[in-house]
Number of protein chains: 4
Amino acid sequence: MEFNIESASRVPIYRQLVAQIREAIARGRMKPDERLPSVRELSRELVINPNTVARVYTELEREGVLNTRQGLGVFVAQPRNELTKRVRKERLTCLVDGLLTEAVHLGFAREEVTATVAERMEKFAFAHGVGGQ
Amino acid sequence: MEFNIESASRVPIYRQLVAQIREAIARGRMKPDERLPSVRELSRELVINPNTVARVYTELEREGVLNTRQGLGVFVAQPRNELTKRVRKERLTCLVDGLLTEAVHLGFAREEVTATVAERMEKFAFAHGVGGQ
Amino acid sequence: MEFNIESASRVPIYRQLVAQIREAIARGRMKPDERLPSVRELSRELVINPNTVARVYTELEREGVLNTRQGLGVFVAQPRNELTKRVRKERLTCLVDGLLTEAVHLGFAREEVTATVAERMEKFAFAHGVGGQ
Amino acid sequence: MEFNIESASRVPIYRQLVAQIREAIARGRMKPDERLPSVRELSRELVINPNTVARVYTELEREGVLNTRQGLGVFVAQPRNELTKRVRKERLTCLVDGLLTEAVHLGFAREEVTATVAERMEKFAFAHGVGGQ
DNA sequence: GTGGTCTAGACCACC
DNA sequence: GTGGTCTAGACCACG
């Protein structure tokens, strides 16, 4: 996996990294139980402070996306669904509304948005069937 | 238009307001040339600092979503598309990828996302035909 | 609220604080929307590094126990239940088994454990009725 | 006795094993004077480092839960109660408070906790009568 | 070697 | 004033 940090961006480094790792997993480019680079490796590679990488890993672990095994490294977690159907649906709706708001302001038409969603979907590793309770 | 500020949220007040105004416009609940409440009115109504409201209006004006007519008030701007088709498409793709990343992590299936997008779309005031240059 | 840190303990400072805040809330000694001391105040009072306090607050916010409002401070969150009934039950069972394991090793009898649970329960602010889905 | 190590867990292997042995004894699935597998056997079976198993046995011996008879192996110790009633009661209270704190945050009601404790209790090998001095 | 904890001190965003 | 981010560097626990 290759990550890249724009330190000029106003988005905090740790958020950029979090987003990139989450996207890599969602796109199936990193699989469950795959090992990520060590904190020290990644911090050397990206030329950022080890604590910043550690923070990213900690945060993603708390979310259940990664898990760390002391002395062994950090790994992609098995997907779990601990949230209520209701909460998950609320979050999805909120995200979709945000997308649509921006799409309208950018001047897109309905069909363009639908087409883009359908097109990008192919790149993501969706679960099959309908998600848990 | 009614706005509501959740002061118990970690999202800064000014961002909540910006988002709500943008969404109201995108949903067609506020139309071009419609007048918004004055800074003082809105700050009194929402019980927030006038500086915060002023900041919101300034920010949305900079974005081209609102415009101020000196002595008359603040109005919803006519939709403009200053960005090239290419840039706009890039932004849309980026937003869609963000949505899909979250959707996968929430455990949704393709069809659920497609359905939610289609359903929410009905609530938004999309332009007809295909957007500008 | 008064907190006390044992820096001699092998339990990390930030975990001690997290536990104390969680317990204070569970016992109803801190109520929703109540403000906690600022990061700087608390770090001065407990004579620990402000980053350690910040970490505690961040962690509890991520858990949904606190929420921070930029520029205003950190507050006790309204209780929410985002986890699946199944996951919650699993966690409870696991915690109870841990308790019972220790109780047996300490040589307690059934009735003593039952009595202690009943007795301590009076000190905690349980919700009424049965928890969400 | 069968133990199972979850290597994908953030809990150190040696702690997992310690907990499982303690629980097995508390549930009466291992009785006093029963022999445990040798360090080599167990490490081969669980596919973990022999040093890790050795550490587990040492730790449990220090606690008085196991004892080693040179050349013969490691055995479950006779239950002893070296702690005063007062100290033991303090520990129990502390553990119960920890359980109740979590239960409240998980949104359980009193009755649910009481019921779970009663239910799980059936699986544990409690001493009869009231514990020592 | 791995990650986890803690400190010290800097600079920025929010209200 | 508040909290959020980032860096630098120390020491400890795990395997």
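Below, chain A is the first sequence line, B the second, and so on; all start at residue 1.
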Across all strands shown, which nucleotide pairs with E:dC14 by Watson-Crick or G-U wobble geometry, both distances under 3.5 Å?
-> F:dG1
The residue, D:Tyr14 or C:Thr68, whose nearest nucleotide of DNA chain F is more 5′ is C:Thr68
Measure the spacing between CD of B:Glu102 and CG of A:Leu92 and express it to the nearest 0.5 Å.
-> 10.0 Å
Classify the side chain of C:Arg40 versus the base of F:dG3 as yes if they form a donor-acceptor pair under 3.5 Å and no if they do not.
-> yes
Side-chain N or O of A:Arg10 less than 4.0 angstrom from OP1 or OP2 on E:dA13?
-> no
Pick out which of A:Val11, A:Ile48, A:Asn4 makes a side chain to side chain contact (heavy atoms under 4.5 Å, CB included) with A:Gln16.
-> A:Val11
The nucleotide from F:dA8, E:dG3, F:dG3 with an atom nearest the side chain of A:Val39 is E:dG3
Using whole Å, report how far CZ of C:Arg69 lies from P of F:dG4.
-> 13 Å
Test item: D:Arg88 side-chain N/O and D:Leu83 main-chain N/O as donor-acceptor pair under 3.5 Å = no
Go through A:Thr93 and A:Asp97 one step at a time and tell me if the side chain to side chain contact (heavy atoms under 4.5 Å, CB included) criterion holds.
-> CA-CA 6 Å; A:Thr93 302; A:Asp97 282 4; 4.3 Å; yes
Nearest-Å distance, CZ (A:Arg44) to C1' (E:dG3)?
-> 14 Å
Specify the separation, in whole Å, of atom CG of A:Leu46 and atom C1' of F:dT7.
-> 15 Å
Expressed in angstrom and rounded to an integer, what is the separation of C:Leu66 atom CG from F:dT2 atom P?
-> 17 Å
Under 4.0 Å from any atom of DNA chain E, heavy atoms only: list the residues of residues 51-61 of chain D that qualify, in numerical order.
-> none
side-chain N/O A:Ser38 vs E:dG3 OP1/OP2, d < 4.0 Å | yes
Do the side chains of A:Asn51 and A:Arg55 get nearer than 4.5 Å, heavy atoms only?
-> no
A:Arg15 side chain, from C-beta outward: closest of F:dT5, F:dC14, E:dT2 | F:dT5
Look at atom CZ of C:Arg27 and say whether more than 12 heavy atoms of other residues, nucleotides or ligands are closer to it than 6.0 Å.
-> yes
Just call it for C:Asn49: base, sugar-phosphate, or nothing, with non-hydrogen atoms closer than 4.0 Å on any strand.
-> base
Nearest-Å distance, CZ (C:Arg35) to P (F:dG3)?
-> 6 Å
Among F:dG15, E:dG3, E:dC14, which is the nearest nucleotide to the side chain of C:Gln70?
-> E:dC14
Comparing B:Ile13 with C:Ile13, nearest DNA chain E nucleotide closer to 5' gives the residue C:Ile13
Of all the heavy-atom pairs spanning A:Ser43 and A:Asn49, show the shortest one and how long it is.
-> CB-C, 4.0 Å
Would you please test D:Leu36 and D:Leu66 for side chain to side chain contact (heavy atoms under 4.5 Å, CB included) and show each step?
-> CA-CA 9 Å; D:Leu36 281 88; D:Leu66 302 182; 3.8 Å; yes
Interatomic distance where CD1 belongs to C:Ile5 and C1' belongs to E:dT7 [whole Å] | 15 Å
Atom-to-atom span, CG of A:Leu72 to P of E:dT2 - whole angstrom = 11 Å
With both distances kept under 3.5 Å, what pairs with F:dT7, Watson-Crick or G-U wobble?
-> E:dA8
